[in-house]
Amino acid sequence: MVVNYSRDSEYHSQRNNALIPHSSCNATSMIMALKQAGAKLPESRFPSNRQPEDVLTAFLQSDLAAEKSRRLAPWAYDRITGESITPPHEIHCVMTWAVNHLMGRDIVSFREDWSLDDLVKALDRGCGVVVSGKFPYQGGTIDHVVSLAGYMKHQNRIDTLLIDDPYGDYQTGYRSHRGNDIPLPVARAREILKPTGKDLFWASIISHR
């Protein structure tokens with residue numbers, strides 16, 4: 001049995017983003033998850049003449065986001081020079097703050113200890129789910145973020161997740177740019193998703209409201 005909650009949602013590729021297209025998987029996945037959860041993006045913050053992921057990325061590059069990042073994630077700055085080591089758009093707590101700020105309400109919750117059952121139940125409730133991991137690429141791995149679209153069940157057991165990957169299909173080493181509804185076996189998910197090799201996962205859950 002295949003359960004796919006993103007069938008009626010638009011797939012977004014990060015490759016056509018106006019800003020940092022090769023480093024905006026997080027913002028792009030967050031927008032897909034928001035839409036999957038049925039969240040209405042406020043026109044005052046997300047004008048129709050711009051891609052929403054570009055709006056979110058630009059906000060994360062703003063002075064306000066940098067100031068917030070210094071308070072939420074002081075570890076992301078060099079203690080001596082004060083220069084950024086990890087940019088705001090790559091920090092989960094800053095991304096959570098940014099989306100909640102732009103949406104005008106607390107709609108995103110990030111934790112480092114969601115179980116697979118937690119994530120599946122969230123999907124079944126109509127929530128969006130964003131996960132991060134180390135995905136295979138060119139003989140190594142890349143830190144990458146994707147949106148969960150659903151899952152596949154065999155003999156009443158979930159054995160595969162479906163992901164909407166904004167960069168393409170990890171199974172092809174991202175030679176294929178089509179990243180919609182890509183299967184990720186649960187056993188493989190434990191190897192790829194952070195923290196790797198564990199049964200608990202880092203994830204952002206977007207409320208269905």
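All figures in this text were calculated on a predicted structure; none of them were measured in a lab. Position 1 is the first residue of the sequence, and the numbers go up from there. Only this structure's heavy atoms are used, side chains among them; waters, hydrogens and symmetry mates stay out.
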H22: what forms a ring-ring contact (aromatic ring centres under 6.0 Å, His included) with it, not counting sequence neighbours? Y167
For residues M95 and L56, determine if any side-chain heavy atom of one lies less than 4.5 Å from a side-chain heavy atom of the other. yes
Pairwise ring pair (Phe, Tyr, Trp, His ring centres under 6.0 Å) hits with a residue in residues 175-203, at least two apart: H92-W202
All pairs passing ring pair (Phe, Tyr, Trp, His ring centres under 6.0 Å) where residues 36-64 contributes a residue, at least two apart: F59-W97, F59-H101
Determine, using the 4.5 Å side-chain heavy-atom cutoff (strictly less than), whether I182 and I31 are members of one ILVMFWY cluster. no
Treating Ile, Leu, Val, Met, Phe, Trp and Tyr as nodes and any side-chain heavy-atom pair under 4.5 angstrom as an edge, say whether Y137 and L193 lie in one connected cluster. yes
Looking only at atom types and distance, does a side-chain atom of N100 sit under 3.5 Å from a main-chain N or O of I107, one as donor and one as acceptor? yes
Drop me the distance from S132's OG to K194's NZ, to the nearest 0.5 angstrom. 5.0 Å
Going by the side-chain contact (heavy atoms from CB on, under 4.5 Å) test, name the single residue among D181, L148, T28 that passes it with D164. D181
Contacts of type side chain to side chain contact (heavy atoms under 4.5 Å, CB included), residue [X], not counting sequence neighbours:
| X | value |
| --- | --- |
| P87 | H89, E90 |
| D117 | S115, K121 |
| V120 | L116, D124, Y151, I158 |

Residue pair K153, D159: steps toward the salt bridge (Lys or Arg N to Asp or Glu O under 4.0 Å) verdict: CA-CA 6 Å; K153 209 180 246 192; D159 57 12; over 6 Å; no
